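Data block below; observations after.
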Amino acid sequence: MKKTDFTAVVPVAGAGTRLRPHTYTYPKVLLTVGDKPIIGHILDDLQKAGIRKVCLVIGYLGEKIREYVSSEYPRLSVTYVEQPEPKGLGHAIWLTRRAVTGPVLVMLGDTILDADISKFLGPGDDRIAVKEVADPRRFGVVETSRGYISAMAEKPEKPRTNLAIVGIYSFRNSQLLYNSLERLLASGRTTRGEVQFTDALSLLVADGHRIKPVPIDGWFDCGKPETLLETNRHMLDRKRPHSKASGSLIVPPVYISPSARVENSIIGPYVSVGAGARITSSIVTDSIVNENASISDMNLGGSLVGPSAVVTGRRDKLNVGENSEVRLDRNAGAE
Ligand code: UTP
């Protein structure tokens, strides 16, 4: 079994509600982190690991994802499966059953890994990436025995371990996986209103199927504004892009798209500026400025500026005499 035999299934049909308002008009995976959209990092990592075949489950704003992937990744063989309603991760993966044969690698569309994906490919045991987390109640949680997974639960109220499932799974026999999903769907079982992938995997484990937990450290979530900014900082540190803008001060690491225009500004550290964006007379740190956004006369930090958003600050004109004190901060005069 070769790495190239694997098909990567990447479900990206969710509505990304935790990233509203950005996701009202943009699918989560097209939001920029570091030097490209989230899906770009995922597809780069898959290609680097030797994957050639990808099956994307699209739904909410799926056409935009299809346009980006077909124009940026012409050498990948990509098939698209529609999930008309986000009924859960298990449902999304079940829908790919007619598009995938042979070994399968499932990778979630809102996590970027700083791990060697090829560890999950090749012959041998089926594998799931896990990581110890402080509060496992938000995740799928696994219990282990003698080096294999012995039980799993999705977002349990009382987790029995702190080993969380972190978004990458590999199965040598995809048919076995699809059969288990089929059983779950036929049973009508949902957890928190969704058909959960973890529940289908639990059925496999209960049948005695051996799945190896593979611990990984570098796991970066893109699901919420705070984690998106954290992942942006990590990606900029990892790639250290060389960005320049004449007439402005750049404090690395910063990514500025070649088609963006930055004038008379101080940018960085940890700023990502998407294609076609424009920043004038501003100071921007620790922020993501998405494509075609426009920022002027602003002092921004820890901010997410959506595609084509326009943000304009104010410029004050003062005529200040000796020993005067002028405070323009928000809390001035509040006491
Ligand atoms: P999430 O639950 O984290 O993503 O699913 P979401 O639903 O888009 O975001 P929130 O919770 O509303 O903020 C993890 C991955 O699985 C996909 C999502 O697109 C994401 O890549 N997914 C989830 C589907 O494709 N279909 C589903 O029914 C559910």
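We count residues from 1, following the sequence as given. Because the structure is a prediction, the values reported are computed rather than measured. Counting starts at 1 for both ligands and their atoms, in listed order.
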Tell me, which residues have any heavy atom less than 4.0 Å from some atom of ligand 1? P11, V12, A13, G14, A15, G16, T17, R18, K28, Q83, P86, K87, G88, L89, A92, G109, D110
All N/O donor-acceptor pairs, side-chain side in residues 69-80, below 3.5 Å, sequence neighbours left out:
residue: S70; atom: OG; partner: R66; partner atom: O; Å: 2.7
residue: S70; atom: OG; partner: E67; partner atom: O; Å: 3.4
residue: S71; atom: OG; partner: Y68; partner atom: O; Å: 3.4
residue: Y73; atom: OH; partner: G40; partner atom: O; Å: 2.9
residue: Y73; atom: OH; partner: D44; partner atom: OD1; Å: 2.7

Run the salt-bridge test on R183 and D207 with the 4.0 Å N-O cut-off and return the result as yes or no. yes
Matching residue for Y270 among D237, T285, V254 - test: side-chain contact (heavy atoms from CB on, under 4.5 Å): D237
Given the rule in the ring-ring contact (aromatic ring centres under 6.0 Å, His included) test, do Y169 and F197 qualify, once you have shown the distances and angles that lead to the verdict? CA-CA 11 Å; Y169 318 68; F197 191 37; 4.7 Å; yes
D45/R238 ion pair, N-O < 4.0 Å: yes
Using a strict 4.0 Å threshold on nitrogen-to-oxygen distance, state whether R314 and D316 make a salt bridge. yes
